[in-house]
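Single-structure report; data block below.
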Amino acid sequence: MIIKVPTKKLGKTLALVTAISAAAFTSVAQAEWKGWNIHNTGYPVTVAMASFIKEADKATDGRVSGRVYDGAVLGSQSDSIQMLQVGAIQFAGFNLGPMGDAVPEVNVVSLPFIFKNLDHMHRVMDGPVGDQLSEAMAKKGIISLAWYDGGARSFYNTSKPIQTPADMKGEKFRVMNNELYVGMVEALGGNATPMAYSEVYQSLKTGVVDGAENNWPSYDSSNHFEVAPYYSLTEHLILPECLCVSVKAWNDLSSNDQKAVKKAARDSAVLQRKLWAERDTESRKKVLASGVKFNEIKDKSAFQNAMKPVYAKAVKDNPSLQSFIDQIQNTQ
């Protein structure tokens, strides 16, 4: 099943698919997999995805080979989700935040403070909840073979530390394009501004937005710390990422090749999480050494309590989320 999109949008996406296919591959007879990735060279996800396709190639004697296209050169994440659904690309590394538009069940991981910490997120995603979410994705043409670490996201801004929700009142914060994130910022008293990631630096610099939210490595690699030097450790979102494949490409594989590809994916997740932990520490040290004004919020109860209407609305809009919420909160 493929999500419904407006005719105009679908036409644009299909045109992009055609252009990519023509430019990148000269022969339709080639069986190489095309992989989408938003990150740049050297980023943990980028390294892990390159390792995945290399190991899959080895394990299948070349029956599954391909290339990762970094830096979102194949299009935006919303474009690439649709391309994966129709089989125009074969694999991708996705942040699960924007995936909620295509697969509503995935929105559960976008609920603020749903995970206690990073280790809790890993236990949840590597268990039954992760399997159930992958099954929901498969119904929409996408299979998750492994869960990557997307880190813990916190707020940063241009003018002051955030100690309580009151410090966000009236401030404009960039968020990813998901209703839940808009509701999250508004529940804290701020003004949410969905915006493409590539536009955030200039928007912070010129005052179009007052702040944004992200993890340490992204805060570092995007150079947002140069223009928004106040970083407040809310850790309100701990978003997993997925190494996903197209159902169409997956079904073309033999059962033995499926096992080999899945093992390569799981091995790449072990590598990615290790690299992520190292990068997270390095980025934190780097930006703090640059003079960033950092504050840790030890008591997050005021922020967590403000999320009650966000949870209530999410469950009202999609009742199936309640079961996932209960499972996650009961996972030790």
Next on the checklist: Check whether Ser76 reaches the backbone of Ala72 with its side chain - one donor and one acceptor, N or O, closer than 3.5 Å.
Outcome noted: no

Item to check | Check: Leu204 and Val209 side chains under 4.5 Å, non-hydrogen atoms | outcome: yes

Item to check | Distance-only polar pair, side chains of Glu241 and Gln272, donor-acceptor under 3.5 Å | outcome: no

Checklist entry - Has the side chain of Asp257 got a donor or acceptor atom that lies under 3.5 Å from a matching backbone atom of Thr60? => result no

Checklist entry - Do Ser134 side-chain atoms and Ile143 backbone N/O form a donor-acceptor pair below 3.5 Å? => result no

Item to check | Reported CD1-to-CG distance for the pair Ile89 and Asp79, which is rounded to 0.5 angstrom | outcome: 9.5 Å

Checklist entry - Under 3.5 Å, is there a donor-acceptor pair between the side chain of Asp167 and the main chain of Thr164? => result yes

Checklist entry - Less than 4.5 Å apart, any side-chain heavy atom of Met99 and any of Val109? => result no

Item to check | Ala269: side chain to side chain contact (heavy atoms under 4.5 Å, CB included) partners, not counting sequence neighbours | outcome: Ala146, Tyr148

Checklist entry - Mind checking what makes salt bridge (Lys or Arg N to Asp or Glu O under 4.0 Å) contact with Lys172, not counting sequence neighbours? => result Asp210

Distance-only check: which donor-acceptor pairs under 3.5 Å involve side-chain atoms of residues 43-52, not counting sequence neighbours?
residue	atom	partner	partner atom	Å
Tyr43	OH	Ser218	OG	3.2
Thr46	OG1	Asn37	ND2	2.8
Thr46	OG1	Asn40	O	2.8

Item to check | NZ on Lys160 to CG on Asn295, rounded to 0.5 Å | outcome: 12.0 Å

Next on the checklist: Do Leu237 and Met195 sit in one hydrophobic cluster, given that two such residues count as connected whenever their side-chain heavy atoms are within less than 4.5 Å of each other, even indirectly?
Outcome noted: no

Next on the checklist: Let's go through Tyr201 and Glu226 carefully: what are the C-alpha distance in whole Å and the side-chain angles of both, what is the deciding distance for side chain to side chain contact (heavy atoms under 4.5 Å, CB included) to 0.1 Å, and is it a yes or a no?
Outcome noted: CA-CA 9 Å; Tyr201 182 93; Glu226 296 176 349; 2.9 Å; yes

Next on the checklist: Do Leu188 and Met307 make a side-chain contact, defined as non-hydrogen atoms from C-beta onward lying under 4.5 Å apart?
Outcome noted: yes

Item to check | Residue Lys248 excluded, over 12 heavy atoms near NZ under 6.0 Å | outcome: no

Checklist entry - Taking side chain as C-beta onward, heavy atoms only, is Ile114 less than 4.5 Å from Phe324? => result no

Item to check | salt bridge (charged side-chain N to carboxylate O under 4.0 Å, His left out) contacts in which one or both residues fall within residues 36-57, not counting sequence neighbours | outcome: Glu55-Lys58

Checklist entry - Between Glu135 and Lys139, is the closest basic N to carboxylate O distance under 4.0 Å? => result no

Checklist entry - Pro194 versus Val182: any side-chain heavy-atom pair under 4.5 Å? => result yes

Next on the checklist: Is there a path of hydrophobic side-chain contacts, each under 4.5 Å between heavy atoms of I/L/V/M/F/W/Y residues, joining Val315 to Val124?
Outcome noted: yes

Checklist entry - Side chains of Ser110 and Met176: does their closest heavy-atom pair fall under 4.5 Å? => result no

Item to check | Pairwise distance CG(Leu111) to CD1(Ile238) - rounded to 0.5 angstrom | outcome: 13.0 Å

Checklist entry - Going only through I, L, V, M, F, W and Y residues with side-chain contacts under 4.5 Å, is there a path from Leu239 to Val175? => result yes

Checklist entry - If you take all heavy atoms of Ser80 and Phe94, which pair is closest and at what distance? => result OG-CE2, 3.1 Å

Checklist entry - Ring centres of His224 and Tyr197 under 6.0 Å apart? => result yes

Checklist entry - Roughly how far, to the nearest 0.5 Å, is CG of Leu233 from CZ of Arg153? => result 13.5 Å

Item to check | Parallel, tilted or perpendicular, as decided by the 30° and 60° cut-offs, for the rings of Tyr219 and Phe225 | outcome: perpendicular

Next on the checklist: Leu243 vs Ser268, test: side chain to side chain contact (heavy atoms under 4.5 Å, CB included). Steps then yes/no.
Outcome noted: CA-CA 9 Å; Leu243 176 59; Ser268 79; 3.6 Å; yes

Next on the checklist: Tell me whether Phe91 shares a hydrophobic cluster with Leu271, the cluster being built from Ile, Leu, Val, Met, Phe, Trp, Tyr side chains joined at under 4.5 Å.
Outcome noted: no

Checklist entry - Is the backbone N or O of Gln90 less than 3.5 Å from a side-chain atom of Ser246, with the two atoms forming a donor-acceptor pair by type? => result no

Next on the checklist: For residues 294-307, which residue pairs pass the salt bridge (charged side-chain N to carboxylate O under 4.0 Å, His left out) check, not counting sequence neighbours?
Outcome noted: Glu235-Lys300

Item to check | Glu179 atom CD, neighbour heavy-atom count above 12 within 6.0 Å | outcome: no

Item to check | Check: Asp220 side chain, Trp216 main-chain N or O, donor-acceptor pair, under 3.5 Å | outcome: no

Checklist entry - How far does CD1 of Ile38 sit from CG of Leu74, to the nearest 0.5 angstrom? => result 11.5 Å

Checklist entry - Hey, what's the ring geometry for His236 with Phe155, parallel, tilted or perpendicular (30° and 60° as the breaks)? => result parallel

Item to check | For Asp119, all residues meeting side chain to side chain contact (heavy atoms under 4.5 Å, CB included), sequence neighbours excluded | outcome: Asn117, His122, Arg123

Checklist entry - Under 4.5 Å between any side-chain heavy atoms of His120 and Ile328, yes or no? => result yes

Checklist entry - Would you find a donor on one side and an acceptor on the other, under 3.5 Å apart, between the side chain of Asn215 and the backbone of Gly150? => result yes

Item to check | Stepwise side-chain hydrogen bond (donor to acceptor under 3.5 Å, both in side chains) test for Thr234 and Ser232 | outcome: CA-CA 6 Å; Thr234 51; Ser232 303; over 6 Å; no

Next on the checklist: Just so I know, are the side chains of Val287 and Tyr231 near enough to count as touching, which here means a heavy-atom distance under 4.5 Å?
Outcome noted: no

Checklist outcome for this item: Interatomic distance, OG@Ser221 vs CZ@Arg279, rounded to 0.5 Å, equals 5.5 Å

Next on the checklist: Between Lys140 and Val103 (side chain of the first, backbone of the second, donor and acceptor by atom type, cut-off under 3.5 Å), is there such a pair?
Outcome noted: no

Next on the checklist: Show, in sequence, the C-alpha distance, side-chain angles and deciding distance for Trp250 and Leu145, and conclude whether the side chain to side chain contact (heavy atoms under 4.5 Å, CB included) test is met.
Outcome noted: CA-CA 10 Å; Trp250 184 250; Leu145 295 183; 3.8 Å; yes

Checklist entry - Hey, are Arg284 and Asp280 close enough for a salt bridge, meaning a charged N less than 4.0 Å from a carboxylate O? => result no

Next on the checklist: Could you check whether any side-chain N or O of Arg67 sits under 3.5 Å from a backbone N or O of Ile53, counting only pairs where one atom can act as donor and the other as acceptor?
Outcome noted: no

